[in-house]
S.K.: 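Sharing a structure, written as structure tokens. Questions coming.
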Amino acid sequence: MASEAVVPIKTDIDIVAARQKGRELATVMGFVSTDSTLLATAISELARNIIRYAKNGEILIASVQSGDRVGITVVARDNGPGIANISLAMQDGFSTSGGLGLGLPGVKRLMDEFHIVSDVNKGTTVTIKKWKR
Amino acid sequence: MASEAVVPIKTDIDIVAARQKGRELATVMGFVSTDSTLLATAISELARNIIRYAKNGEILIASVQSGDRVGITVVARDNGPGIANISLAMQDGFSTSGGLGLGLPGVKRLMDEFHIVSDVNKGTTVTIKKWKR
Amino acid sequence: MEVPILKQGLYLIASIQAALSDVDLLHLRDALAEKVGKFRARGVIVDVTVLDVMDSFASRTLRDLAHMTRLRGAETVIVGIQPEVAFAMVQLGLTLEGVDTALDLEEGLAFLDKKTKRHTSRG
Amino acid sequence: MEVPILKQGLYLIASIQAALSDVDLLHLRDALAEKVGKFRARGVIVDVTVLDVMDSFASRTLRDLAHMTRLRGAETVIVGIQPEVAFAMVQLGLTLEGVDTALDLEEGLAFLDKKTKRHTSRG
Ligand SMILES: Nc1ncnc2c1ncn2[C@@H]1O[C@H](COP(=O)(O)OP(=O)(O)O)[C@@H](O)[C@H]1O
Ligand SMILES: Nc1ncnc2c1ncn2[C@@H]1O[C@H](COP(=O)(O)OP(=O)(O)O)[C@@H](O)[C@H]1O
């Protein structure tokens, strides 16, 4: 049941497309409805950060397996400006754009796993995972 | 009146068991009720950190004596990932899990003594003490 | 996706019909702020029942909408936030602080009737 | 430990009967968010009188619960926090900011009556 989709993120409409793709896969894989919602919400936040800070990028959505667990991994990547201070960016309320500053720390709370790599002037990659319950 | 109990911490139910054990000993030793509550609350935080960050570990609860003072010492230990930057972890609001980040600094405020040792990839041991008033 | 805005008595009712893009949400916000004046509305209901995701942008835009209509003399109530959506919002840290909410359209109307102290008939 | 949830008029009352595990607390949160819709409740009371420990997880879960029900149109009030528990919470830094509290069930009912502006009889 391996499945993978890449959604290019260029305009605000792609944010909707990406999160719907995520929900679709979660539903097909039999995720409980709450977890599909959490996943779709997380994708929405990551996609918007791409548009807002990096102008464009892509979101990969794939099923993963580890032992007898199955889950969904989402990789949001861009070649944008990167994040200079990741631990600062991960704090509730921190924003360089006058935003709410809840996106990154919030996504971390929504997911089972969260990983971020960022290089200034090179780009940002956020990898998240949600396991099926 | 030496007394010692070890509570294995594996699931969220063990958190309740550990803090009840702590309160029990405090009551038997004649702690004022407020201090029993502070101790039980501290144990609850440490036990939850074990589950959350190290998956499992144990909590030792023992009576201690020093001169004519008696008290209770609690040792929470795990072989989990450890803490890379302890002074950061001891700051109010610092959390790597999107949590409130009040556990460790809060426990320190609740107790008379607080000591933490942690090695990355080896584990964490927190030792706390409350003296009987 | 244009969101239809109905006038019902002193209220405006915006019933979101499908997923909205960020631009759609901004349009909705601005359209309501403008229509409140045009129709001399006292209350606004935004029905989000069909929204399966309410992220930080949507929350913020709805909050701004509520504040804008209030400055124009109309109370806004958001209705229909589903339990799972509420859960995701709270985990993100989005609480719509300072914005009124009600279970559904019916409760929203009752809320506005009370808040605008108009017990006269609508419609 | 399932927490019994009683319906009393427009309110739901959850009376915690014994120490709750983290999972129990999450169940309570989700059950209330769902039942608010089912019973069209306007208010929720969570009675924590018997809890002898309120740690950061419990505080956070009660806060989330209050925010979730509010997004669904019902106000939540936490009642019965014991003095010693309150002391420990404050030492930890847990203030339940943004969450309403009252001394006991009676005060909680009075608070909800005022907040939801329903002075009609309950029950
Ligand atoms: N993809 C990205 N590229 C560059 N910077 C980013 C990216 N995502 C997040 N950031 C930085 O991290 C900060 C925090 O992000 P977030 O928590 O989502 O809140 P917000 O977007 O509301 O500011 C942003 O203000 C921005 O400086
Ligand atoms: N037993 C532990 N093992 C590994 N890391 C821990 C442990 N306890 C605490 N930590 C680290 O210290 C940080 C702060 O802990 P704490 O103050 O209890 O707040 P919170 O658990 O809400 O994050 C945690 O986010 C985590 O990174």
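Values reported hereafter were calculated over all heavy atoms of this structure, with side chains retained and with hydrogens, waters and symmetry mates removed. Below, chain A is the first sequence line, B the second, and so on; all start at residue 1.
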S.K.: Taking C-beta and beyond as the side chain, do C:Leu103 and D:Arg40 meet within less than 4.5 Å on heavy atoms?
M.R.: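 Answer yes - side chains close enough.
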S.K.: Chain D: which of C:Val79, C:Val90, C:Asp104, C:Leu96 shares the most heavy-atom pairs with it under 4.5 Å?
M.R.: C:Val90
S.K.: Given a strict heavy-atom distance threshold of 4.5 Å, which part of C:Val99 is in contact with chain D: side chain, backbone, both, or neither?
M.R.: backbone
S.K.: Does a side-chain heavy-atom distance below 4.5 Å link D:His67 with C:Met89?
M.R.: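 With C-beta onward as the side chain, the pair stays apart.
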S.K.: Any side-chain heavy atom of C:Pro83 sitting closer than 4.5 Å to one from D:Met68?
M.R.: no
S.K.: Hey, does the side chain of D:Arg29 reach the backbone of C:Phe87 with a donor-acceptor pair shorter than 3.5 angstrom?
M.R.: no
S.K.: What part of C:Leu94 lies closer than 4.5 angstrom to a heavy atom of chain D: side chain, backbone, both or neither?
M.R.: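 The answer is the backbone of C:Leu94.
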S.K.: Check D:Arg70 against C:Gly98 and note the closest heavy-atom contact, atom names and distance.
M.R.: NH2-N, 4.4 Å
